[in-house]
Amino acid sequence: MSRPLPLWRYCVDAACLGAALLLGALGLFDAYGGSLAFLLAAIGGIVAGLGLAWANVWFRLGTWRTAAGFAVLYLLLGTPLATPREAAYSVLPTLESLRTLLAGLVFSWKDMLTVAPPVGSFGGVLIVAFFSTLLTALLTGLAAWHLRSPYLTLLPVLAMFVVGIVFGTRDVPMPVVRGVALIAVLVGWLAWRRYVAQIVSDGFRSLNHAPEDLAGGHQLRLRRVAIGAVVLAGAGVLTAAAAPLLSPQTPRQVLRDALEPPVDLYDYPSPLTRFRKYVKNMDDDTLLTVKGLPEGERIRLAALDSYNGMVFSVDPKSGGNFAPVGDSSDIRSAEGGSNRNQGELQIEIRDYQGVWLPAGGKLAGLELTGERRDELARSLFYSDEAETALSSIGLRSGDAYTAQVYFPPRPSDEQLAQVNFAELRLPELANVPPLAGAKAVDFIDSAQGDLNRARSLESTFANTGFFSNGAEGQVPSLSGHGAGRITSLLDAEQMIGDDEQYAAAMALLAREQGIPARVVMGFYPEKYAPERELELKGSDVHAWVEIAFESVGWVAFDPTPDDDEQPTPPEQEPKAVPQPQVLQPPPPGQEEADLPPETAPEPQEVEEEPQTWWERWGVLVSIIGISAGSLLVLASPFLLILLLKVRRRRRRERTGGPEQRMAGGWQEILSTATDHQVISRVGATRSENARLVAGGFPAMSEPVLNLARRADAASFSPVQPTEEEVRSYWEEVHRQARQMQSSRGFFGRLRAKYSPRSLVHEVAGALSTSGRLPRRPRRNRFEQPQE
């Protein structure tokens, strides 16, 4: 069995190409959070792919056996490298790991884009890194060791780089360093291949250790290497210096920004709809326990920024802001800093039920410890903008987790007075009570400055309103915060309600004045004890308002009056004393307090504008169009070569007289042989070129010589060939062309089909014949050297 190259040559190629592929795979570094599992999957895929390519060349496996080997490597190595959580002991294959590997070939790409980075290693998302590196490494090795031109090897390497860009994040890891390193590695490898090609004969098959290789040649090569290294280093320094100037100011766009994660917020009701149930019916029930809550901090359920006349809720159209959590222990979307207090909350769910996850501040990570930790890990979604997390399967008693959070600082009024409201685009509110606009003007009155306007709204509600949640012993107070309930609250002589009504009313009035406000629901106790476990009951459920300030963030405001601010019941009037012999009218009934009505008018339904076809499918169509256009651009040179060859063959077969068409058939044989690296000589006779072709294809020696003799007879015989002879000649030409292709392997046939060698050889021969180019003999690889 012949072995084409020395083993050390394969090692040099594999080292250079493996380094280039790894530089491309590092584009996924931030998406995976730089985890060790990602590095193992990427490096393992590169080593396995290049190893399989080497085995294909060394043992001559062929196409089908190589494909079978690829499938076996994917399933065996994919278990520990791509699906370690589904494997037994993280190594042994299981039915679940095999199912994940097979399904991941289709679904892992979508999960990679819809799961919030870091995507972790659960659910087969590591398949993207392992499969892409395994496939591109295999194609890179096959191209490097099968194809004559080393430049085609760059295509799979660049494809790996594109995968890292498309499926990565906006935060590109070391883009300049990686780009410069990639260029340096590829340029150095191409220079190495060119140098080897100059000293290797017979198609890269044997080194020629010529004794004429003197010390001067060594010095010349050393100078070239030194100069090349200096040029590459200088180019790298210039690139690094110019990168900040040439980089765009707009944020880098990646594919995950154009896709909406699969969460529909219409399916999850607002937690504020259950507010009265918690504070009135479950006031003594322990909803959850928490340990480690700092003094003055709060546990959030959800930030509610959308209103439809019935309820405040999380904007249903902001589903794209809720990204699936990949690795719950590292929620990278949360940005901590020196101005934030980091805390660790140990939370255990008791009587609380719902999809909204109790947490505080910005989440940095969740360590799930309950019995359902694996199920909850796959169901988590988080929005960094709203600082809100949800579980699609909901929470129930027994669920427990430890939350790593960053609590925002609490700025003083002196600090807030120096900044303005933040300019945010919040969802438009629908069916706001008409009275809200007028009351907002009355409550703010003559307050000047952004902070004073907000504080004026807060203090008016807190100082002039009264508290009642409808509990036993309190003045009746209706639940809800629809348009009718808010109208009755604002229009009453005595405002009566609880957190639900006051927070909703203040947020509506603030939004009417252009103040960026939202309602937040959550928990905080009356007394804090960070060192011990606290039981948060239904009476500890609260709602408040948050207003966004520039460079500060969201600041909490509490418009709800104190619990002891109860409304004064109306005084009893004395009973009327009947007068003798005088018929008195019945005594007037007791005047009741001006309380909110028992029923609230039904608000109008929100009319949502239907999405146009382009709004619904435009992003997908754009992605498909850009992808198809990119593939068409990449494939256009090969399509052009194929088109020129088809046009040339038809012109030779159909143009001219019978003798010209038979001569064209012989030229087609020579062109086909040239594409298979058996190059004919310009100006040689047909018999001489037939012997060259026979040297490259020994099994076709007699048929090719026969075609040459028939073409000579057609050209020099006084008898013109018949149409039947021409048709028979071209049938034999097509038969011999197919025979040439069948004698090569799959990659050899593919290379010959799209090779431009025959086109270039034809143009060069025409120019040389016309005298524009000097004729220079060229040694054919199948030509025997003359003595």
In Å, rounded to the nearest 0.5 Å, how long is the span from CZ of F407 to CD of E387? 10.5 Å

Apply side chain to side chain donor-acceptor pair (under 3.5 Å) to S412 and list each qualifying residue two or more places apart in sequence or on a separate chain. E414

P411 versus L416, closest heavy-atom pair with distance: CG-CD2, 3.7 Å

For F549, all residues meeting ring pair (Phe, Tyr, Trp, His ring centres under 6.0 Å), sequence neighbours excluded: F421

Under-4.0 Å salt bridge between D285 and K537: no

Residues in salt bridge (charged side-chain N to carboxylate O under 4.0 Å, His left out) with R518, at least two apart? E546

For D499, give me all partners under side chain to side chain donor-acceptor pair (under 3.5 Å), at least two apart in sequence or on another chain. H542

Sorted by chain and residue number, the ring pair (Phe, Tyr, Trp, His ring centres under 6.0 Å) partners of F275 (sequence neighbours excluded) come out as none

Ignoring hydrogens and angles, tell me if any N or O in the side chain of T286 forms a donor-acceptor pair with the backbone of L288 under 3.5 Å. no

With W356, which residues qualify under ring pair (Phe, Tyr, Trp, His ring centres under 6.0 Å), at least two apart? none

Would you please say whether a donor-acceptor pair under 3.5 Å links the side chains of Q501 and H481? no

Flag if over 12 foreign heavy atoms under 6.0 Å of CD, E531: yes

Taking the side chain as C-beta and beyond, is there a heavy-atom pair between L380 and L366 under 4.5 Å? yes

Could you tell me whether the side chain of S97 and the main chain of T83 form a donor-acceptor pair under 3.5 Å? no

Can you name the residues that form a salt bridge (charged side-chain N to carboxylate O under 4.0 Å, His left out) with D558, not counting sequence neighbours? R298

Q415 and V552: side chain to side chain contact (heavy atoms under 4.5 Å, CB included), yes or no, with the steps? CA-CA 9 Å; Q415 294 173 322; V552 175; over 6 Å; no

Does R373 have any salt bridge (charged side-chain N to carboxylate O under 4.0 Å, His left out) partners at least two apart in sequence or in another chain, and if so, which? none

Could you name each residue pair satisfying salt bridge (Lys or Arg N to Asp or Glu O under 4.0 Å) that touches residues 389-405, not counting sequence neighbours? R372-D399

Min side-chain heavy-atom separation Y524-W544 under 4.5 Å: yes

With a 4.5 Å cut-off on side-chain heavy atoms, are Y32 and L39 touching? no

Do you know which two heavy atoms are closest between A517 and A510, and how far apart they sit? CB-CB, 3.8 Å

Heavy-atom donor-acceptor pair, Y401 side chain to I347 backbone, under 3.5 Å: no

Of all heavy-atom pairs between L508 and P433, which one has the smallest distance, and what is that distance? CD1-CD, 4.2 Å

Does any non-hydrogen side-chain atom of Y268 lie less than 4.5 Å from one of S392? yes

Over all atoms of both residues, closest heavy-atom pair of A543 and T560: O-OG1, 4.3 Å

Can you tell me if E371 has over 12 outside heavy atoms packed within less than 6.0 Å of its CD? no

Using side-chain heavy atoms (C-beta onward) and a distance below 4.5 Å, is P559 in contact with V545? yes

Rounded distance (nearest 0.5 Å) linking atom CG of L536 with atom CG of D351: 12.0 Å

Using atom types as modelled and distance alone, determine if a side-chain donor or acceptor of K362 lies under 3.5 Å from a backbone N or O of V405. no

Flag the pair T460 / L457 as yes when at least one side-chain heavy-atom distance between them is below 4.5 Å, and no otherwise. no

Shortest non-hydrogen contact from T388 toward L301: CG2-O, 3.5 Å

Does the pair D498/R276 count as a salt bridge with the N-to-O cut at 4.0 Å? yes

Validation row, ring centre F167 to ring centre W109 under 6.0 Å: yes

Determine whether a donor-acceptor pair (N or O, by modelled atom type, separation under 3.5 Å) exists between the side chain of T100 and the backbone of L98. no

Considering all heavy atoms, the nearest E500-L272 contact: OE2-O, 3.7 Å

Stepwise side chain to side chain contact (heavy atoms under 4.5 Å, CB included) test for I496 and L489: CA-CA 7 Å; I496 301 175; L489 174 75; 5.6 Å; no

Does R453 have any salt bridge (charged side-chain N to carboxylate O under 4.0 Å, His left out) partners at least two apart in sequence or in another chain, and if so, which? D450

Counting C-beta onward and ignoring hydrogens, is there a side-chain heavy-atom pair between L509 and F461 closer than 4.5 Å? yes

Carefully, step by step, assess F381 and F322 under the rule ring pair (Phe, Tyr, Trp, His ring centres under 6.0 Å). CA-CA 6 Å; F381 294 81; F322 281 81; 7.8 Å; no

Under a 4.5 Å cut-off applied to non-hydrogen side-chain atoms, are T289 and L534 in contact? no

Measure the NZ-OG distance between K277 and S479 for me, rounded to the nearest 0.5 Å. 12.5 Å

Taking atom CD of E295 as the centre, does the number of heavy atoms from other residues, nucleotides or ligands within less than 6.0 Å exceed 12? yes

Whether D305 side chain and D315 backbone form a donor-acceptor pair below 3.5 Å: yes

Output, in order, the C-alpha distance, side-chain angles, deciding distance and verdict of side chain to side chain contact (heavy atoms under 4.5 Å, CB included) for V541 and L287. CA-CA 9 Å; V541 177; L287 300 181; 3.7 Å; yes

Short question: side chain of R485, backbone of L478 - any donor-acceptor pair under 3.5 Å? yes

Roughly how far, to the nearest 0.5 Å, is the CD atom of E526 from the CG atom of D540? 6.5 Å

Residue list, side chain to side chain donor-acceptor pair (under 3.5 Å) with E550, at least two apart or on another chain: none

Give a yes or no answer on whether the side chain of E533 reaches the backbone of V290 with a donor-acceptor pair at less than 3.5 Å. no

Using atom types as modelled and distance alone, determine if a side-chain donor or acceptor of Y502 lies under 3.5 Å from a backbone N or O of M495. yes

Pair D284-S539, side chain to side chain contact (heavy atoms under 4.5 Å, CB included): steps then yes or no: CA-CA 7 Å; D284 290 329; S539 58; 5.6 Å; no

Test P427 against every option in S306, S313, P316 by the side-chain contact (heavy atoms from CB on, under 4.5 Å) rule and name the one that passes. S306

F312: which residues meet the ring pair (Phe, Tyr, Trp, His ring centres under 6.0 Å) condition with it, sequence neighbours left out? Y307

